[in-house]
Protein chains: 2
Amino acid sequence: MGSRGVTIAEIAEAAGVSVPTVSKVLNGRKGVSAATRRAVERLLDERGYERRGRPGPGSGLIDFVISSLDTQWATALLRGAQAEAARLGADLVVTTTQGRPVGTPDWVEHLAERGSDGVVLVVSELLDAGRAELERLHVPVVLVDPVGSGSQPFATVAATDWAGGRDATEHLIRLGHRRIGFITGPIEQVCHRDRLDGYQAAMRRFDLSADPDLVRHGNSLVDGGRRLGAELLDLAQPPTAIISGSDEQAYGVYQAARERGVRIPEDLSVVGFDDVELCQWISPQLTTVRQPLAAMAREATRMVIELSRGGVRPTPRLELATSVVTRASTAPPPGTRRPGGTARHETRSPA
Amino acid sequence: MGSRGVTIAEIAEAAGVSVPTVSKVLNGRKGVSAATRRAVERLLDERGYERRGRPGPGSGLIDFVISSLDTQWATALLRGAQAEAARLGADLVVTTTQGRPVGTPDWVEHLAERGSDGVVLVVSELLDAGRAELERLHVPVVLVDPVGSGSQPFATVAATDWAGGRDATEHLIRLGHRRIGFITGPIEQVCHRDRLDGYQAAMRRFDLSADPDLVRHGNSLVDGGRRLGAELLDLAQPPTAIISGSDEQAYGVYQAARERGVRIPEDLSVVGFDDVELCQWISPQLTTVRQPLAAMAREATRMVIELSRGGVRPTPRLELATSVVTRASTAPPPGTRRPGGTARHETRSPA
DNA sequence: CTGAAAGCGCTTACAG
DNA sequence: CTGAAAGCGCTTACAG
């Protein structure tokens, strides 16, 4: 690996200070003027000084950070990341944030001390402050399904959420639906915002006014789906179809429907989002917008590892295609003569 | 953390050789007699010498090794391990073996180089050779749901599999079943063997001859359940109930039953094993033997971390209780007058 | 705040 | 095969 690494002596020489002074800066000791400290830190940074004790780049560890592992969405992503890390000979450290903000100085310092070759972040709580901290780590960071708009200093991997929202809506419109409800997870997250935009675009394109009453957002788990689904079903003019922000949330809609004696798909069509295993277990099997979750995580992990090995900067933003997987939860709306003159526009059997 | 760690000089002194000689042994250099090398290695070992470059104990990393992450069983275990590691301030490295043997010299050397504070092993393929290698690591190892009999040099955490098999069987017997089929995963694994023993004990206790034709084993995934379930349902005298080695396998039995027009639970009762999320998604909801998977992994992880921090040797074997969770897939056998005079003997709502 | 000096743990030639 | 000697990268205690 070329040179044996910069030494503290070289840094001292370059900074015009003594070796002990650099040592003090390195160890956060007192007794160094702010100006000197800053100058030395800059040099340390520039020359890529690697603390001998600390296993810097080359630890072989990639950090996979996700809000929680409690959903099938999360485990699908984890599987992809783990498989790719293994394939490329890296070890994957799995951390959950449990709602805590990401990129706190503590955590970044912990990563620096332990040694991390890169970070795959699947989190909604990335603080703006956290971004700056993370950049200080000097290891590649790739975001999966990132939140917040604003320019990212990091590369991102996502799905074509807008197209997914549009395709789900068109699938229902082609079946003959006109009153289509749309429920999503937290609307602050770009993926949900994008899908909603896709829905609205499809509705407009077919000259259907998107009744704002038919759009709800909240929790994307089963509970949220049950509550938001109930709200829609209890409207004076309920929708004949509901598109949901996740498969789990869609199952909550199933529950709300069952509680009201509404049959799926005879009285109500339901479309999920993600295509996790759940879709095939529940009855009727759930039509959904497939996100290639494992592939997204694989791609992000590959980017991080290749960058950590000196690869060139990849596409700053990668979007993998979604596709509608038609199963048994969607059908023409009640009262339709023929079962929707138009054929279902895409049928894919699950992998 | 007491002393600053053994130095090469101390080892040299103890071995009656010079510092450079110890250094050579440490770095695998030539020019050391076999006898000296051996003596030094032993001292290094005994005194717990920690190579400065290598982040030995204290890396804060715990390795979680599992055959694959593709089942809900696996992710339930992972969740428990991850949560406990986070709680105790350790980072969890997740590795899948994908059927490869565990404890190969390569892998052990990799762990040594990278630094690992301990290993939680959830694997069926632990080689006997691997055990010796793993012991050389000098970090705590705890097995979850271990395979093979023979005395383990490592602590183990498991569920009360024997009682689980017995309880599932008794539950069905109390409902009035007499012909009860039993299908399991690979019978080499002690957990499956133990459950089968529990089944046979219960059958004997109720003076029911366990027809060997009613016992099958193979793959514990959906496919396996479908195939093994089909074999039982196609018998001249098919069982009125089937106990399965996993919930996924039980779902395979659902498929086999559906393909033959056999209704669950009217014509056939089905009991699963594990109590993963799947049980609640499928229809009818699956009665199952609950294994506290997350708790098992938590316990194993806690043991490893505490041992790595100097805790005392824990119980060599820990078994957490299973319990029958009664849902909709079990009922009295067809042709029964009253719906089983005996009440279902345990009802637990899922967490 | 700063650095000359001593020291620590280890490695690298190299002489025997 | 073995180790005295020199050296390396860093830290520590202390004088200015």
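This is a predicted model, so every value here is computed, not measured.
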Out of C:dT11, D:dG3, D:dT11, minimum distance to the side chain of B:V17 belongs to D:dG3

Just to be sure I understand the rule, does A:K30 reach a base, reach only the sugar-phosphate, or reach nothing, if contact means heavy atoms closer than 4.0 Å?
nothing

Between D:dA5 and D:dC1, how far apart are the two P atoms, rounded to whole Å?
23 Å

Salt bridge B:D106-B:R100, side-chain N to carboxylate O under 4.0 Å:
no

Name the closest nucleotide to the A:S18 side chain, picking from C:dG9, D:dG9, C:dG3.
C:dG3

So, does A:T36 get its side chain near the phosphate of C:dT2, meaning an N or O under 4.0 Å from OP1 or OP2?
yes

Only one of B:V32, B:T36, B:L43, B:V17 passes side-chain contact (heavy atoms from CB on, under 4.5 Å) with B:V22, and that residue is B:V17

Using Watson-Crick or G-U wobble geometry with both distances under 3.5 Å, which nucleotide pairs with C:dA15?
D:dT2

Does atom CZ of A:R47 have more than 12 heavy-atom neighbours, drawn from other residues, nucleotides or ligands, at distances under 6.0 Å?
no

Of the nucleotides D:dT2, D:dA4, D:dG9, which has the atom closest to the B:P20 side chain?
D:dA4

May I ask you to evaluate whether A:S23 reaches the phosphate of D:dC10, defined as a side-chain N or O under 4.0 Å from OP1 or OP2?
no

Kindly say if A:T21 contacts the phosphate of C:dG3, meaning a side-chain N or O under 4.0 Å from OP1 or OP2.
yes

Looking at CD1 of B:I305 and CG of B:D117, how far apart are the two atoms once the value is rounded to the nearest 0.5 Å?
8.5 Å

Span that lies between the P atom of D:dC10 and that of D:dC14, in whole angstrom:
24 Å

Per B:I8 side chain, nearest of listed nucleotides C:dA5, C:dT11, D:dT2
C:dT11

Length of the NZ-P vector between A:K24 and C:dT2, whole Å
8 Å

Look at B:S33 and D:dC1 and indicate whether a side-chain polar atom (N or O) is within less than 4.0 Å of OP1 or OP2.
no

Just how far, in rounded Å, is C1' of C:dG9 from CD of B:E10?
11 Å

Which is true for A:V19 with a 4.0 Å heavy-atom rule: it touches a base, it touches only sugar-phosphate, or it touches nothing?
base

I want to check one thing: is the phosphate of D:dT12, taken as OP1 and OP2, less than 4.0 Å away from some side-chain N or O of A:R29?
yes

For B:V94, does its backbone N or O pair with a side-chain atom of A:Q82 as donor and acceptor, under 3.5 Å?
yes

